[in-house]
Number of protein chains: 2
Amino acid sequence: MTIRSEEIETGAHAGVSCRNCALKPLCLPGQLPAPEARALESAVERGRQLGPGMALVRAGTAMDALLVVRSGSAKRFSLTLEGTEQVHGFVLPGEAVGLEGFATGRYGCEVNALEPLSYCRVPMHKLEQLLEQLPGLRREMLRLLGQALEEAQRLRGELAETDARGRVARFLADLSERLARRGFPPYDFRLSMSRADIARHLGLTLETVSRAFGTFKREGWLRVRARDISVLRPDALAALAGVPHCA
Amino acid sequence: MTIRSEEIETGAHAGVSCRNCALKPLCLPGQLPAPEARALESAVERGRQLGPGMALVRAGTAMDALLVVRSGSAKRFSLTLEGTEQVHGFVLPGEAVGLEGFATGRYGCEVNALEPLSYCRVPMHKLEQLLEQLPGLRREMLRLLGQALEEAQRLRGELAETDARGRVARFLADLSERLARRGFPPYDFRLSMSRADIARHLGLTLETVSRAFGTFKREGWLRVRARDISVLRPDALAALAGVPHCA
DNA sequence: GTCAGTTCTTGATCAAGATCAAATTGCAGG
DNA sequence: CCTGCAATTTGATCTTGATCAAGAACTGAC
């Protein structure tokens, strides 16, 4: 997707300004009353920039902070016993990472940058303090986790229900929608992940994913040039994906 | 599974005694320091008994309480546009229900009893009060949600990776393990759900599920008589399921 | 630009599981 | 016990997507 949402960031050092962040409405402080947002902001640190392929979190390491991607995209995956990657999904700006770590205090899967990536972090000890004081943040954290859970269940259900092309269509439709919510052009983007990553995410082979793209192209629903995608008929994709009426 | 874990419950009316509950170690108060457990207990109400097929929660209704199944089992599912059921999973005693409701304040899926079922409930307004006061409960709620998330992601990953018999094997292995943790015989149980429910949960057809049972029976790994299951070779099932070394 | 390496596309074959269709078993009610 | 209905098993066939195998296109380095 090649995502750059680096807003102009001047004057802030350790404490980051959420106020001016383009992602604010999607991110944690977006739903909080102003005083709570300010309190949270003072606990937010800026993570260092990561290059493509670098690990944002490693499975099994202590969950020492809540992380939110600020710009770029990432791949969430686990390593199976056979050494293959089980791709859980892809992370876009404004999305939290490693929430399943709350289960054990250690991250449950790997998250690797797919392109240059920056992120914010709230150290756990500060988060716990804030949770004591801020009722809105408590509600917001539960909402965030509930949302992640709902999403994971939805993805599981879709995988069980849908055939190959339906899965690819839904993948694209979902990506479109998430890009749109972040203010990116929803029908014209560059995929940051490989066909193999998409395939492993959707429980398919990369050949089948490629063929699905080929079909959509032939039908005139898509323009595909390697990783550059133009969605010409979002309605057709949505229909195949079985989505009710999400644009 | 035909689950009866009705411990002897005398004297308690609205407030339920978690102290003597057989499920305590699996349930919310199990991880809490004693004073917090007592505070939580005072907020717990007993839900009325439900008969087979009755709804414990309906998708879209307001999430007015946190629910935990006390005895019996239930099916979590969504209704698709075509009117079919998308089965997300099955709920056993000690497991919370409807956590994805935190996302929107409304339950995200249907939960129906599969056999006579009883449950406990913590009204949301009381839960919010308690979360303000009890740091252990705050941590525990995050843990609970993190666990549910991890579980959902695991299920999604398995679905993407495993073939039909592997999925059925894993389903049985998982059930075994969960029954064991609740003190039920893990290798001898009665399924409370139909083949069709299992199939819809695993993204298969009921015929394929039936054939998988047939294969396992022929291999001598299982004894199957309708819904009565005896696991004779848990190791073989676990191996097929790709589980490392979980007994 | 050219080159090497990777990623992606396309084609041919094959197998796992879906689908269609009975037959069988189990179970509640009379 | 018998009856009727629903759930399950079993069988035959067909379709989808996996697998194997080339090619083609893209990428980054020189």
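These values consider heavy atoms only, across backbone and side chains, with no hydrogens, waters or symmetry-generated copies. Lettering of chains follows the sequences in order, A, B, ..., and the numbering in each one begins at 1. Everything numeric here is computed off the predicted structure, so don't read it as measured data.
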Original post:
Reading DNA chain D 5' to 3', which nucleotide is the first, and which the last, to come under 4.0 Å of any heavy atom in chain A?
Top reply: dG17(D) to dT27(D)

**OP:** Hey, which sits more toward the 5' end of DNA chain D by its nearest nucleotide, Ser194(B) or Asp163(A)?
**Re:** Ser194(B)

**OP:** Using a strict cut-off of less than 4.0 Å between a Lys/Arg side-chain nitrogen and an Asp/Glu carboxylate oxygen, indicate whether Lys75(B) and Glu85(B) qualify as a salt bridge.
**Re:** yes

Original post:
Is any side-chain N of the basic residue among Arg156(A) and Glu151(B) closer than 4.0 Å to the acidic one's carboxylate O?
Top reply: no

Original post:
Are the side chain of Thr162(A) and the backbone N or O of Glu158(A) linked by a donor-acceptor pair below 3.5 Å?
Top reply: yes

Original post:
Which residues in residues 213-224 of chain A have at least one heavy atom lying under 4.0 Å from any atom of DNA chain C?
Top reply: Val224(A)

Subject >> Nucleotide dC8(C), atom C1' - distance to CD1 of Ile229(A) in whole Å >> reply: 12 Å

Original post:
Short question: side chain of Arg167(B), backbone of Leu159(B) - any donor-acceptor pair under 3.5 Å?
Top reply: yes

Subject >> Arg165(B) CZ: over 12 foreign heavy atoms closer than 6.0 Å >> reply: no

Original post:
In whole angstroms, how far is the C1' atom of dA16(C) from the CG atom of Leu202(B)?
Top reply: 16 Å

Subject >> Ion pair Glu95(B)/Arg178(B), N-O distance below 4.0 Å >> reply: yes

**OP:** Check each residue of residues 203-212 of chain B for a non-hydrogen atom within less than 4.0 Å of any atom in DNA chain D, then write out the ones that pass by number, or none.
**Re:** Leu206(B), Glu207(B), Ser210(B), Arg211(B)

Original post:
Using 30° and 60° as the class limits, which term best fits the ring planes of Phe216(B) and Trp221(B): parallel, tilted or perpendicular?
Top reply: parallel

Subject >> Donor-acceptor contact below 3.5 Å, side chain Glu115(A) vs main chain Ser192(A) >> reply: no

**OP:** Measure from CZ on Arg195(B) to P on dT24(C) and round the result to the nearest Å.
**Re:** 19 Å

**OP:** Keeping the roles fixed (side chain from Ser176(B), backbone from Pro186(B)), state whether a donor-acceptor pair exists under 3.5 Å.
**Re:** yes

**OP:** Check step by step if side chain to side chain donor-acceptor pair (under 3.5 Å) holds for Arg46(B) and Tyr119(B).
**Re:** CA-CA 6 Å; Arg46(B) 173 80 85 108; Tyr119(B) 63 96; over 6 Å; no

